[in-house]
Structures are given as structure tokens and as C-alpha cells.
2 protein chains.
Amino acid sequence: MATNKTHRVTMSDVARHAGVSRTTVSFVLNDKPGAAIPDETRRRILEAIDELGYRPNAGARALAANRSGWFGLITEIVTGPFAGEVITGAQSRAWGDRRFLLIAASEGDPAQEAAALDQMLEHRVEGLLYATTWHRAVTLPKAAREVPTVLVNCYDAEGELPCILPDEVSGGYKATRRLLDAGHTRIGFINLDPAIPAAIGRREGYERALREAGITPDPALVIPGWATADSAYTAACELLDRPAGDRPTALFCGNDRMAMGAYDAIKERGLRIPHDVAVVGFDNQELIAAYLRPKLTTLALPFEAMGTKGVDMLAALAAGQPLDTHRVTIDCPLLERSSV
Amino acid sequence: MATNKTHRVTMSDVARHAGVSRTTVSFVLNDKPGAAIPDETRRRILEAIDELGYRPNAGARALAANRSGWFGLITEIVTGPFAGEVITGAQSRAWGDRRFLLIAASEGDPAQEAAALDQMLEHRVEGLLYATTWHRAVTLPKAAREVPTVLVNCYDAEGELPCILPDEVSGGYKATRRLLDAGHTRIGFINLDPAIPAAIGRREGYERALREAGITPDPALVIPGWATADSAYTAACELLDRPAGDRPTALFCGNDRMAMGAYDAIKERGLRIPHDVAVVGFDNQELIAAYLRPKLTTLALPFEAMGTKGVDMLAALAAGQPLDTHRVTIDCPLLERSSV
DNA sequence: ACAAGGAAGTAACGCGCGTTATTAAAGCGC
DNA sequence: GCGCTTTAATAACGCGCGTTACTTCCTTGT
């Protein structure tokens with residue numbers, strides 16, 4: 001017969017074993033300011049804790065202190081590399097603050113999302129992080145209003161909630177600038193779906209960099225596409241098959257998968273990377289960027305930093321402090337590898 | 001001044017509002033068997049719950065019921081695609097059972113791992129899932145013995161803990177069999193580090209399939225390597241540069257990144273996939289397999305299934321039931337795409 | 001008319017802990 | 001010796017809820 005009631009060691013057990021009251025044990029555990037505990041007593045208590053293998057019950061503590069210590073993190077999909085980075089960043093920061101992350105994946109299903117939110121509220125999360133896979137607008141279930149919420153990689157259409165976004169413009173600028181610095185003047189841009197924020201921002205950065213270098217952006221060099229290798233392959237073929245003087249010597253791709261497609265088009269033509277055509281990607285999907293041959297120079301989406309920043313903001317909100325900035329953008333670092 | 005004490009609605013509030021006792025509310029909430037609640041009363045209570053926006057406090061409930069509802073999940077790295085799948089699988093199963101997953105990433109750091117474990121025990125997890133990125137032996141901190149534990153994608157050297165592993169042998173068999181069925185008889189095998197379980201198991205399956213087809217395995221066709229595209233590129237070059245009759249017409253690669261390297265070697269030689277050389281990968285890293293050109297036929301590691309199975313086993317253990325199998329292996333499904 | 005039994009509901013305890021108010025002892029100046 | 005402060009420690013309440021034991025009222029059958 002298995003003991004169903006896992007009778008664990010409680011604070012009272014520790015108190016008895018140390019010959020003090022439970023209150024005293026609580027005081028040394030939380031080393032309460034103002035409580036005068038002589039070293040000898042403290043030592044006895046710590047010893048008892050050690051001997052009995054006592055562990056505080058986080059749930060009971062939360063109940064008594066009226067402070068759950070939980071932050072919630074809702075993501076769409078946890079399978080991709082992005083959510084993982086957000087989790088990593090958020091988790092590391094949260095743990096440092098002795099808080100914990102309650103993670104849930106909605107799988108893009110509103111019902112699951114609502115259920116997850118309910119669960120989080122029942123667990124009395126003190127704040128909520130809502131992260132998406134790609135930069136876009138979202139509308140949250142209204143239950144999210146019950147608790148401080150910060151959006152990660154997305155924003156609400158009403159602009160009411162604080163959000164953390166990648167700096168797409170600066171990203172596009174830095175990619176283009178890197179190619180300009182390498183001597184390229186005709187730079188093709190195989191963009192994402194031109195309707196999404198990432199595509200708009202990066203194009204703005206791309207054009208700004210060109211103008212700064214005294215080059216008038218040529219719309220013919222910008223090809224909108226979808227986020228697939230095939231789409232980028234087609235686009236790259238179109239750009240590379242232009243007459244010699246018209247052909248770009250560098251390609252800036254909307255993401256690393258698209259860079260994969262571009263690589264194929266370049267290699268098929270017997271051109272060499274980066275000698276004949278330089279390539280810059282976006283997203284830094286390690287699995288791709290670090291294993292393409294040659295390795296891909298690309299910009300990283302700062303998911304981990306966004307995660308930590310999100311927890312920071314949440315902590316401030318949960319403490320009742322006002323936010324200095326409602327809308328935070330975070331820089332996308334350029335990762336130099338071998339394709340430029 | 002923000003109200004720091006988030007005075008939320010409690011069960012007593014609901015009771016008062018519905019004109020009944022708190023006990024009665026508790027009874028309808030848990031629809032306690034044996035409690036006779038007339039429909040009218042039940043309706044009034046549910047109405048009060050709705051009007052007041054009451055949400056049960058999960059922490060308090062756990063404390064009173066002496067049942068936390070938590071399962072812990074410790075992974076090494078949450079950034080890769082694998083951990084995400086385990087989480088997805090475990091989460092979906094756990095939520096169906098009204099349990100929740102407390103997730104922590106150790107980042108491969110024993111100190112963090114121990115800290116995570118402590119936190120989980122303080123939260124009174126009823127079971128622990130310990131998952132690794134790659135199939136191997138592990139030794140757990142001894143604190144893990146305090147709670148039912150199931151290993152995912154790894155096993156303990158002592159063989160004491162229940163574990164869930166991918167069926168490497170069957171995976172190697174199916175990959176090879178697929179190539180044999182396509183008419184190939186000389187099949188190169190660019191393996192992982194030959195010391196790890198995945199490499200050993202898959203090679204066993206590879207050779208079994210060959211023998212079943214009446215082919216004596218040729219050790220010269222098996223090249224051990226490391227899990228990188230470069231390593232596989234070199235190996236593929238060696239195999240493909242052999243004299244015509246000796247050259248393999250198909251390559252079975254230890255993972256998808258390695259298949260990427262093999263693709264390069266094949267394409268460089270003007271050979272076509274799958275017409276001249278067929279390729280099968282392993283791991284089904286979507287980012288690679290689905291975007292290589294042509295798309296890669298590969299075997300999937302059943303991480304999601306391993307996650308759900310893990311929760312199943314944990315639930316059984318937590319309920320005090322004995323396990324039917326101590327060591328579970330799960331099949332690796334073959335994903336047909338276009339490289340064979 | 002009355003006991004028996006069920007239906008409807010409640011008071012009260014405990015889960016493990018944080019916290020406040022209070023007590024008991026010890027130190028100190030005079 | 002007496003008041004007074006400081007030190008050391010505790011009793012007791014409440015956090016929000018599950019649960020047991022108990023009470024009250026309403027049916028039935030005879």
C-alpha cells in the first residue's frame with residue numbers, strides 16, 4: 001500500500017526538532033528584518049532544517065503571503081526556435097528574482113489560449129507575457145486585462161498594452177550597410193510579404209542605408225515574396241538572370257530559409273558566395289545559418305533579450321511602478337559569418 | 001496609489017452573494033458526489049460566480065486538497081526544436097488531466113539543474129520528467145529520488161528509473177529499407193559519433209535491413225562522423241569520389257544537418273537528387289528538411305509522443321500504480337518527401 | 001400520531017505558512 | 001530595590017479552500 005498522503009516535513013516539525021516555535025523558524029527562513037535571532041538559535045534551526053530535509057511549501061507560502069510568485073508566459077507555438085529563446089530569456093531573469101514562469105502554448109487555437117489564460121489567473125499570476133512567433137498585431141482575450149500584461153514580438157491594435165518589438169528598421173539598415181561597406185552598390189532585397197511590419201520596417205532601413213550612401217533605391221531590385229526557400233529561389237533567379245550591368249552583386253533576404261533558396265540559385269549559376277554574390281539573411285535560425293555553406297551572415301531577432309526585458313517590465317508593473325516606455329524596441333544584432 | 005493587495009473574489013463572497021454557505025459553493029464547484037444540491041441552488045451559485053467573476057484559487061485548493069497538480073519538466077536546452085516538441089506533447093496530455101507543467105531549462109549547468117529541482121520540490125510537484133537533447137546516459141541529482149521520475153530521451157546508468165527512448169534500431173532499419181525498396185543496393189551510411197546510442201542502434205538497423213535483403217554489409221560504406229554539415233560533406237565526398245562501380249547510389253545520414261552537407265557534395269558533382277543519388281536524413285528538423293531542395297526524406301524523432309507518454313507514465317506512478325514497462329521505446333516515423 | 005429516513009445545508013477543522021500583537025526574560029541606570 | 005528599554009521568543013489569526021461531522025427540515029410508511 002503506497003502512502004497516498006505524502007506526509008512531508010513541515011515548519012512545525014523543524015520547530016519542534018530545534019526546540020523553538022514555528023514563528024521563529026519562519027523568521028530565520030525569511031530573515032525577517034527587526035527580528036533578533038541569536039546566532040546560536042539560528043544555527044540550531046538551520047541544522048534541523050538540514051537534518052529533516054525540510055523544504056518550504058511554495059504554495060502555502062504564496063497563500064499566506066498573498067503573492068504567488070508566478071508570471072505567466074503564453075506563446076503560440078513552443079516548437080520553433082523563437083519561443084525557446086523567449087522562454088530562456090524570461091526564465092533566467094525571473095528565477096533571479098525568485099519568481100517562476102508558468103508556460104503555456106496556445107498552438108494558435110483561441111480556445112486553448114483562453115483555457116491557458118484561465119489557468120494562469122487561477123494560479124494568480126502576477127503578470128502575463130504574451131509572445132508571438134512573428135511580429136504582428138494581436139487582440140487578447142479580455143480576461144488578460146485582469147493582470148499586468150506585456151506583449152512580446154507583437155502589439156495590440158488599440159495600442160493600450162506595453163509591448164516589446166524588434167527594431168526592424170535598424171535591422172534592415174544594418175544588413176544593407178554591411179553590404180555597402182563591402183563595396184556592393186547594387187543590392188537586391190528579397191523581402192517578406194510586404195504587408196507585414198517586418199517587411200515594411202526592413203525596407204525602410206534598406207532604403208535609408210542606400211540613400212545615406214548616395215544611392216537612389218531602385219524598386220526593381222526589391223522583390224516581395226513569401227517566407228519560403230522556393231519563393232526566394234524564384235526571386236533570386238529573376239534577379240540573377242538580369243543582364244550583367246543590371247544584376248545585383250548582393251542579396252538581402254527576408255529570412256534564413258529564403259537565403260537557403262537564394263544560395264541554391266546562386267550555386268546553380270556557378271557563382272560563388274561571397275565572391276560573386278554576397279548574401280545576408282535574417283532571423284539567425286542557427287540550424288540553417290550556421291550550417292549553410294558558406295555559413296550565413298545574418299541578423300538575429302533578439303528573442304532572448306525580449307524575454308528578459310519582458311520580465312523586467314512585468315516586474316515593474318507588478319510592483320506598481322509606472323513604465324518609462326510603453327513601446328520598447330530592441331536592436332537586432334548582426335552576426336558576421338562568411339557570406340559577405 | 002495602486003491597490004497592492006489584489007483583493008480578489010473568494011468563495012465566501014460567492015456564498016454570501018448566493019445566500020448559501022461556503023461549503024455549498026465548494027460542493028457545486030467540485031460537484032461532490034453524495035451532496036444533494038437542488039438545481040435552483042446550483043443555478044443561483046453559478047450565477048453568483050459569473051456575476052462576481054470568481055475564479056478558484058489554485059494554490060489554496062492545492063494546499064487544502066494536498067495535491068499540487070504540478071508535474072515538473074526539466075530540459076537541458078529549451079532553444080532547440082526538440083525540447084519544444086516534448087513540451088508540446090507533455091503539456092497537451094497534462095492539461096487534459098487538469099495538471100500543469102512546471103518547466104525549467106538547466107542550460108546544461110548542474111547548478112541550475114539543482115536549483116530547478118529544488119524549486120520544483122518546493123512547489124510539490126507530483127512527478128518529474130527529465131528530458132535531454134540527445135539520446136544518452138545521465139545521472140540525476142539525488143533529490144530527484146524524492147518524487148516519481150521518468151527519463152525522456154535518456155536513461156540512467158544504474159537502470160533504476162523508468163525511461164522513454166526512440167527506437168533507433170527500427171529507425172535505421174526503416175531508412176535503409178526505404179532505400180532498398182527504391183532499388184538501391186549500395187547504400188552509404190554517414191553515421192554520427194559511433195560511440196553514442198543513436199549511432200549504434202541505427203547501424204544495427206541498417207545492417208539488419210541489408211542482410212534481410214540478401215546484401216552483406218560493406219564496412220567501407222559506413223563512415224563515422226560528427227553531427228555537422230561539414231563533417232558530412234567530407235564524408236560524402238569520399239564516398240562519391242570512389243570509382244563508378246564502388247560508388248554508393250544512396251546516402252543515409254545521421255541527421256538532417258549532415259544531409260545538408262551531403263546535398264552540397266552531391267550537387268557540386270553535378271549529380272541530381274534523387275535521380276543519381278538518393279538521400280535519407282534523420283531527426284526531421286523542419287527548418288532544414290522541409291526547405292532543402294529537393295525536400296528531404298527523413299525520420300522523425302518522436303519527441304512529442306515521448307512527452308505525452310512521459311506524462312502518462314508519471315500519472316500512473318503518481319497514482320501509485322505500477323508500471324507495465326520500465327523501458328519504453330517509441331517508433332521513429334519515416335517522413336516521405338522528395339529525396340528518395 | 002410517531003419514528004425512520006432522506007434531502008438540504010452548515011459549522012468547524014486543518015492544509016502550511018506569514019505576520020502581528022504580546023509575553024517573558026534580561027540588561028541598565030539610578 | 002524599582003522602572004524602563006532591549007532582546008528573544010511565542011500565541012494566535014488569517015490566507016482560500018476541501019472535507020467531515022453534524023443539524024434541521026421535510027417526507028414517508030404504519
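Side chains are part of it too, since the values below use all heavy atoms of this structure and drop only hydrogens, waters and symmetry mates. Being a predicted model, the structure only gives us computed values, none of them experimental.
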If we only count heavy atoms from C-beta on, is the [X] to [Y] side-chain gap below 4.5 Å?
X      : Y      : answer
A:V86  : A:M306 : no
A:P162 : A:L317 : yes
A:T88  : B:E107 : yes
B:V311 : B:R99  : no
A:E146 : B:R8   : yes

Between [N] atom [atom2] and [X] atom [atom1], what is the distance in whole Å?
X     : N      : atom1 : atom2 : answer
A:R8  : C:dC17 : CZ    : C1'   : 15 Å
A:L29 : C:dC17 : CG    : C1'   : 10 Å
A:N66 : C:dG16 : CG    : C1'   : 16 Å
B:N30 : D:dC17 : CG    : P     : 10 Å
B:L63 : D:dG18 : CG    : P     : 11 Å
A:E40 : D:dA8  : CD    : C1'   : 13 Å
A:M11 : D:dA9  : CE    : P     : 15 Å
A:R61 : C:dG18 : CZ    : P     : 5 Å

- Under the side chain to side chain donor-acceptor pair (under 3.5 Å) test, which residues partner B:S21, sequence neighbours left out?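 Result, side chain to side chain donor-acceptor pair (under 3.5 Å) vs B:S21: B:T24.
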
- Which pairs, with at least one residue in residues 29-38 of chain A and sequence neighbours excluded, count as a side-chain hydrogen bond (donor to acceptor under 3.5 Å, both in side chains)?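 Found none.
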
- D:dC17 OP1/OP2 closer than 4.0 Å to side-chain N/O of B:N57: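 For D:dC17, OP1/OP2 do not have a side-chain N/O of B:N57 under 4.0 Å.
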
- Any ion pair linking B:D13 and B:R16 (charged N to carboxylate O, less than 4.0 Å)?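 Between B:D13 and B:R16 there is a salt bridge, with a charged N closer than 4.0 Å to a carboxylate O.
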
- Query: Start at the 5' end of DNA chain D and walk down; is the nucleotide closest to B:R55 or to B:K32 reached first?
  - Reply: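 The answer here is B:R55.
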
- Where is the tightest heavy-atom contact between B:V147 and B:G127, given as atom of each residue plus distance?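 The pair with the smallest heavy-atom distance is CG2-N, 3.8 Å.
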
- Item | Selected nucleotide, minimal atom distance to B:R22 side chain, candidates C:dA12, C:dG18, C:dG16 |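 Among C:dA12, C:dG18, C:dG16, the one nearest the side chain of B:R22 is C:dA12.
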
- Options C:dT20, D:dC17, C:dC17, nucleotide nearest the side-chain atoms of B:T10: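 Nearest listed nucleotide: D:dC17.
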
- Query: In terms of the nearest nucleotide of DNA chain C, which residue is placed more toward the 5' end: B:A60 or B:G19?
  - Reply: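 Looking at the nearest nucleotide for each, B:G19 comes out on the 5' side.
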
- Task: Work out how much the helix from C:dA1-D:dT30 to C:dC30-D:dG1 bends between its end axes, five pairs an end, to the nearest 10 degrees.
- Result: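 That helix has its two terminal axes inclined by roughly 50°.
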
- Indicate, yes or no, whether a donor-acceptor pair under 3.5 Å links the base of C:dG18 to the side chain of A:R67.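 Check fails, no donor-acceptor contact within cut-off.
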
Show me the protein contacts with nucleotides 5-9 of chain C, counting only N or O atoms at under 3.5 Å.
unit_1	atom_1	unit_2	atom_2	d
C:dG9	OP1	B:T41	OG1	3.3
C:dG9	OP2	B:T41	OG1	3.3

- State yes or no: are the ring centers of B:H17 and B:Y54 separated by less than 6.0 Å?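 So the answer is no for these two rings.
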
- Look at the rings of A:H135 and A:Y155 and say which category their plane angle falls in: under 30° parallel, 30 to 60° tilted, over 60° perpendicular.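 Plane angle over 60°, so perpendicular.
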
- Message: Give the residues of residues 94-102 of chain A touching DNA chain C, defined as any heavy atom closer than 4.0 Å, sorted by residue number.
- Response: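 Residues of residues 94-102 of chain A that come under 4.0 Å of DNA chain C do not exist, since none gets that close.
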
- Task: For A:D331, enumerate each residue passing the salt bridge (charged side-chain N to carboxylate O under 4.0 Å, His left out) test, keeping only those at least two apart in sequence or located in another chain.
- Result: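 Checked A:D331 against salt bridge (charged side-chain N to carboxylate O under 4.0 Å, His left out); matches are A:K174.
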
